[in-house]
Q: 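To start, I am sharing the structure in question, which I have written as structure tokens.
Numbering of ligands and ligand atoms starts at 1, following listing order.
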Amino acid sequence: MSTRRLVLTRSAAAIGAASTGLFLPEIARAQSNKIRVGLMLPYTGTFAQLGVAIENGFRMAINEQGGKLGGREIEYFKVDDESNPAKGVENAQRLVQRDKVDVLVGTVHSGVQMGIHRVARESGVLNIIPNAGVHVATRAQCAPNVFRTSFTNSQPTLGLGKAMVERGHKKAVWITWGYAAGEEAMEGFEQSYTAAGGQIVKKLALPFPNVEFQALLTEIASIKPDAVACFFAGGGAAKFIRDYAAAGLNKTIPLYGSGFLTEGVLDAAGPAAEGIITAMHYSDSLDTATNRRFRLEYAKTFKSQPDVYAVQGYDSGLLLVQGANAVKGDLNNKQALYAAMQNAKIDSPRGKWTMSKSNNPIQDIYLRKVEGKENKVIGIAAKAVQDSGAGCKMG
Ligand code: PHB
């Protein structure tokens with residue numbers, strides 16, 4: 001190539017760049033005018049309904065703001081994470097690198113959360129966890145850009161042990177899926193149960209998301225404990241409740257659980273769920289103006305009854321709204337955004353709650369009993385429960 005042609009080519013390229021340059025800022029501005037919200041949730045599998053309820057609740061909070069965040073329009077990007085931990089990193093990266101989301105809302109499953117967590121810590125993207133309770137996300141690996149609006153896995157079960165011992169159940173079998181959520185729910189149960197004088201006589205587990213409970217139910221029948229306590233959720237929880245009753249165990253060995261057991265499954269579980277006592281940071285029957293209004297609006301909009309997942313989705317929206325309003329929609333103003341979210345006071349259908357120093361809710365745990373198609377509050381199991389946040393070095 002001659003020198004002259006090279007010069008010409010160069011200048012042509014320069015002109016090209018200059019002319020696109022005229023348009024680029026405008027395009028960039030038009031794009032960045034919308035806040036990009038990524039929803040990474042399960043829309044298939046045993047937790048599918050949980051994902052839908054979270055998205056409904058989240059959109060409800062945003063729609064109460066005219067569909068905007070800090071005055072800016074929103075564009076949604078969705079990924080079905082299938083509750084598959086093996087694809088957790090890849091799915092989170094899709095949202096962060098390809099879709100360039102400003103905030104990633106997700107997810108439900110603790111194993112998948114660890115994938116999101118890695119991407120959130122490496123990229124610095126804002127992550128709001130609307131369910132998954134994996135301890136480490138707000139303990140040793142806490143991060144200033146990661147906020148949880150739900151619970152740590154041991155928070156609900158910290159409210160369970162005393163209630164069971166008070167009802168005369170001193171020896172219990174624990175049963176769950178063998179992954180972080182089940183194991184950490186057990187930690188809370190063991191702590192509260194042994195402190196109250198109870199003893200776990202056997203710990204049983206099956207792999208997530210298996211629902212072949214028969215062999216384990218036979219084992220429970222032969223052990224004859226005073227009671228059974230468990231962590232199951234979603235479709236698997238409905239099946240566990242039905243199988244437990246079909247085996248006749250509900251007549252002789254009362255079933256207790258982390259409250260997810262009876263959330264969103266009461267239609268599917270039917271009469272088999274009647275009388276089950278659980279501990280949870282929400283109850284359908286909380287008699288507050290905020291809860292009554294929330295339940296009415298949700299039922300009207302989505303033609304279904306809200307559950308704890310819908311509440312957590314809603315609170316994720318409320319938290320983001322408070323943050324975005326504080327920075328007038330400029331989510332790049334991270335210091336002010338995170339300060340506003342860290343200091344947020346959430347007027348939730350579950351009751352008012354605030355963030356702990358490690359960005360996890362400080363909240364009451366209610367004792368509930370299934371009556372008809374409702375989780376009825378029968379007491380407060382534990383007030384203002386705060387996760388230990390052990391090892392969190394955020395200040
Ligand atoms: C979790 O994997 O952290 C998890 C899943 C479903 C629940 C609660 C916790 O209902």
Q: If you take the nearest heavy atom of each of D307, N131, T152, which one is closest to atom 9 (C) of ligand 1?
A: N131

Q: Using the side chain to side chain donor-acceptor pair (under 3.5 Å) definition, which of the options Q386, R139, Q155, H135 pairs with N360?
A: Q155

Q: Checking a contact table here: which protein heavy atom is nearest atom 2 (O) of ligand 1, and how many Å away?
A: Y179 OH, 2.6 Å

Q: Would you mind reporting whether W174 and T176 have side-chain heavy atoms less than 4.5 Å apart?
A: yes

Q: Enumerate the atoms of ligand 1 whose separation from the nearest heavy atom of H109 is less than 4.0 angstrom.
A: 2 (O)

Q: Mind checking whether K328 and N333 have side chains closer than 4.5 Å, heavy atoms only?
A: no

Q: Which is it for A233 and ligand 1 at heavy atoms under 4.0 Å: side chain, backbone, both or neither?
A: side chain

Q: Is K170 atom NZ crowded by more than 12 heavy atoms from other residues, nucleotides or ligands, each under 6.0 Å away?
A: no

Q: Taking only heavy atoms of A181 into account, list the atoms of ligand 1 that are under 4.0 Å away from them.
A: 1 (C), 2 (O), 3 (O), 4 (C)

Q: With a 4.0 Å heavy-atom cut-off (strictly under), which part of F151 contacts ligand 1: side chain, backbone, both or neither?
A: side chain

Q: Which residue supplies the protein heavy atom nearest to atom 1 (C) of ligand 1, what is that atom called, and how far is it?
A: V108 O, 3.2 Å

Q: List for me each residue that meets side-chain contact (heavy atoms from CB on, under 4.5 Å) alongside E64, sequence neighbours excluded, and say none if there are none.
A: M60, R293, Y314

Q: Going by the order shown, which atoms of ligand 1 are within less than 4.0 Å of some heavy atom of G133?
A: 3 (O)

Q: Could you say whether the N/O atoms of S110 and ligand 1 ever approach to under 3.5 Å?
A: yes

Q: Could you find the nearest protein heavy atom to atom 10 (O) of ligand 1 and give me its residue, atom name and distance?
A: Y309 OH, 2.8 Å

Q: By the definition ring pair (Phe, Tyr, Trp, His ring centres under 6.0 Å), identify the one residue from W177, F151, Y282, F240 that meets it with F260.
A: F151

Q: For F213, does the six-membered ring have the charged nitrogen or CZ of K239 within the cation-pi criterion, i.e. under 6.0 angstrom from the centroid and within 45° of the normal?
A: no

Q: Using a 4.0 Å cutoff against the non-hydrogen atoms of N153, which atoms of ligand 1 qualify?
A: 3 (O), 9 (C)

Q: Does E297 pair with K300 as a salt bridge, N-O distance under 4.0 Å?
A: yes

